[in-house]
K.L.:
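Sharing a structure below in structure tokens format, with a few things to ask.
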Amino acid sequence: MLSSEIFSLNVSKNPDESRAILPDFALDKVNDAIYLVGKDAALTYINNKACEMLGYKYQELIRLSYADIDGELLDPDVAGLWWKLSMRPEGIRFTSQHRMRSGELIPVEVSSSTYEHQGETLVLNVVRDVRELKQRTERYLQQEQQFRSLVENSPDLIARFDTSMRCQYANPQVLEVIGCSEEKARGWRLTDTIPFDEVGMRLFRLVSNTLASGEKSEAELEARFGDRARVLHVRCVPEYDLQGDVISILAVGRDISRLREVENEVRAAHQQMRLLASNQQQRTEDERKHIAREIHDELGQHLTSLRAGLSVMGMQADNPARVIQQADYLMTLIDSTIQVVRDVSTRLRPNMLNMGLVPALEWLRDEFVKNSDCACMLIVPEGKPVALSDQAVTAVFRVVQESLTNISRHAKASKVSIIVQASRESVVVQIRDNGRGFKMQAVREDAFGLLGIKERVDMLNGFASITSEPGQGTQLEITLPLSAK
């Protein structure tokens, strides 16, 4: 509100005279439009800003009444109320619309107060064009609405803090986590609400560093909300005013718990694969040692004996009886040598595998029964043979072989059944025993037999499941799609 001292000079009813006597050099420096209005709404004085704001020349505007500018004053009741309120010591401030020369209505903010001059009561109006302010406000409200629409539908936890660490906004995800309403959350201080533990202090330091440095900062925080532990990636971003000063901090927390779980699972799977590969390599080396020992100790010894026997026969050519006796011995030795070769070949790959799945499983069942005290029953589809590729037959054979080996070593079972079921889409093989079973949760990570079974089946796009309970035996079921052919 301009002080009345500015108008201490005489105000004339003559527009040209008043234009001359008033201190234009001071009033025209003011950014607001200024009107002196009489009781009859006549304009006694206007400054250049008023002309500029409404698009009039001075001589055009000064001849109008204030009601021509502010159309609401055309109503006598409104005009009377306005004059009455302006006469109060504190005056009146209100918003209105003023009509420009072009007819356009513009929003304005008006401050009206009484002004006494040479016994005449006038109203001093200081009018501010708020079009730009209104546009800025509308833009701000639009941006705020867009911000709310974005953050309220975001899966992230988003909160805004002022420079006093007081919460200005928290989206529904934050409210759900902390378990309170928006009204209760708005205004709580970060320093008063965070727990004074490692996680709370790290969050406080994160926001503080952003506030002090004016630069974004981020960190991962592991916290427990209720019964659930979460890993949050928190980023704090400074927000500035037009002068470049930090006015608030926007904190965005993204729940990356599942991502970290997947990373741990992948890391554990890689470690398990490394252990499996190492175990498989060790088993391969052990098998090679065993085969090499059999070849060296049995096959080599047999061949040496054959060579020595032939030498003896050569020296006994004059004794037919001794030659026949030596020949019989060598024939027996050759038979043993052939058996050694067959045993080595069978250990590498049984010939029954070349005849299909059912003959291979029958041979495996017979070998298991022969080498253990456990009964074994094989049930296979009748009629049409089970048609699988050589790779699939080998995989099923090795899985059943591994299962029977585990049953023989650990299960202490008296009965085992191998059941083969075939359909148009898949082949299902079940191996059941009535042994002592085990707790599934107690299976060691280095149980490479079970892991190897699953890996074999996975390579053929199949599925393997193992169920067991202590005292109730164990069942292994593998399913191979016929596309494995």
Side-chain angles (χ1 to χ4, degrees), residues 1-7 9 11 15-16 18-75 77-115 117 122-145 240-245 247:
M1 186 73 68
L2 296 176
S3 63
S4 59
E5 285 77 4
I6 297 179
F7 299 96
L9 299 177
V11 178
D16 294 330
S18 68
R19 174 82 173 165
I21 5 178
L22 285 173
D24 294 339
F25 67 93
L27 297 179
D28 287 338
K29 297 293 183 181
V30 178
N31 289 326
D32 299 327
I34 297 176
Y35 307 85
L36 274 179
V37 184
K39 179 71 174 176
D40 55 356
L43 294 176
T44 303
Y45 173 81
I46 55 174
N47 68 347
N48 285 339
K49 183 65 178 179
C51 300
E52 177 185 332
M53 183 177 71
L54 298 181
Y56 285 96
K57 293 181 180 179
Y58 179 81
Q59 294 297 338
E60 295 174 331
L61 183 57
I62 197 65
R63 288 184 171 85
L64 299 178
S65 71
Y66 190 61
D68 294 328
I69 299 171
D70 194 331
E72 293 184 1
L73 299 181
L74 294 174
D75 186 335
D77 294 334
V78 175
L81 180 61
W82 166 72
W83 184 270
K84 181 180 179 180
L85 294 176
S86 299
M87 294 299 104
R88 298 185 307 174
E90 67 273 16
I92 180 177
R93 173 173 291 184
F94 59 96
T95 59
S96 184
Q97 290 183 317
H98 282 187
R99 186 178 300 277
M100 298 180 63
R101 189 175 186 274
S102 63
E104 178 186 354
L105 295 176
I106 62 173
V108 294
E109 182 182 85
V110 183
S111 296
S112 299
S113 60
T114 183
Y115 178 77
H117 183 71
L122 304 173
V123 173
L124 171 64
N125 289 320
V126 180
V127 180
R128 173 166 297 175
D129 185 351
V130 295
R131 281 178 295 180
E132 184 178 354
L133 176 62
K134 186 176 181 180
Q135 291 173 356
R136 286 203 303 264
T137 303
E138 290 176 352
R139 285 198 300 268
Y140 171 78
L141 292 176
Q142 183 180 10
Q143 292 172 354
E144 185 68 17
Q145 181 62 34
Y240 303 91
D241 59 12
L242 296 178
Q243 286 71 40
D245 297 325
I247 57 172

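Note that the structure is predicted; figures quoted are calculated from it, not measured.
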K.L.:
What residues form a side chain to side chain contact (heavy atoms under 4.5 Å, CB included) with E60, not counting sequence neighbours?
P.N.:
Y56, K57, R101
K.L.:
Is any side-chain heavy atom of T44 closer than 4.5 Å to a side-chain heavy atom of V37?
P.N.:
no
K.L.:
As an exercise, state the distance from OH of Y35 to CG of D70, rounded to the nearest 0.5 Å.
P.N.:
9.5 Å
K.L.:
Give the intermediate values and the outcome of side-chain contact (heavy atoms from CB on, under 4.5 Å) for residues R93 and V110.
P.N.:
CA-CA 6 Å; R93 173 173 291 184; V110 183; over 6 Å; no
K.L.:
Verify whether one side chain among R139 and Q143 offers a donor that lies under 3.5 Å from an acceptor in the other.
P.N.:
no
K.L.:
Would you give the length of the straight line joining atom CE of M100 to atom CD1 of I69, rounded to the nearest 0.5 angstrom?
P.N.:
12.0 Å
K.L.:
About how many Å separate CH2 of W83 and CG of L73, when rounded to the nearest 0.5 Å?
P.N.:
11.0 Å
K.L.:
Residues two or more places apart in sequence or in another chain: which of them pass side chain to side chain contact (heavy atoms under 4.5 Å, CB included) with R99?
P.N.:
L105
K.L.:
Could I get the full list of side chain to side chain contact (heavy atoms under 4.5 Å, CB included) partners for L85, not counting sequence neighbours?
P.N.:
L81, R88, I92
K.L.:
Check whether any side-chain heavy atom of F94 sits under 4.5 Å from a side-chain heavy atom of S111, and report yes or no.
P.N.:
no
K.L.:
For residues 124-135, which residue pairs pass the salt bridge (charged side-chain N to carboxylate O under 4.0 Å, His left out) check, not counting sequence neighbours?
P.N.:
D32-R128, D129-R131, E132-R136
K.L.:
Within this structure, what is the CD1-CG distance for the pair I62 and L43, rounded to the nearest 0.5 Å?
P.N.:
5.5 Å
K.L.:
Not counting sequence neighbours, which residues clear salt bridge (Lys or Arg N to Asp or Glu O under 4.0 Å) with E52? List them please.
P.N.:
K49
K.L.:
Between W82 and Y66, how do the two ring planes meet: parallel, tilted or perpendicular, split at 30° and 60°?
P.N.:
parallel
K.L.:
So do the side chains of V108 and Q97 get within less than 4.5 Å of each other, counting heavy atoms only?
P.N.:
no
K.L.:
So do V127 and I34 actually touch side chain to side chain, heavy atoms under 4.5 Å?
P.N.:
no
K.L.:
Quick one: pull up CG in L36 and CG in L122 and give me the separation to the nearest 0.5 Å.
P.N.:
5.5 Å
K.L.:
For C51 versus I46, what's the shortest heavy-atom pair and its separation?
P.N.:
SG-CD1, 3.8 Å
K.L.:
If you measure from OG on S86 to CG on L124, what distance do you get to the nearest 0.5 Å?
P.N.:
10.0 Å
K.L.:
For a 4.5 angstrom cut-off between non-hydrogen side-chain atoms, does S112 reach V123?
P.N.:
yes
K.L.:
Taking side chain to side chain donor-acceptor pair (under 3.5 Å) as the test, write out the residues that go with S65, two or more places apart.
P.N.:
D68
K.L.:
Among all residues two or more places apart in sequence or in another chain, which pass the side chain to side chain contact (heavy atoms under 4.5 Å, CB included) test with D245?
P.N.:
D241, Q243
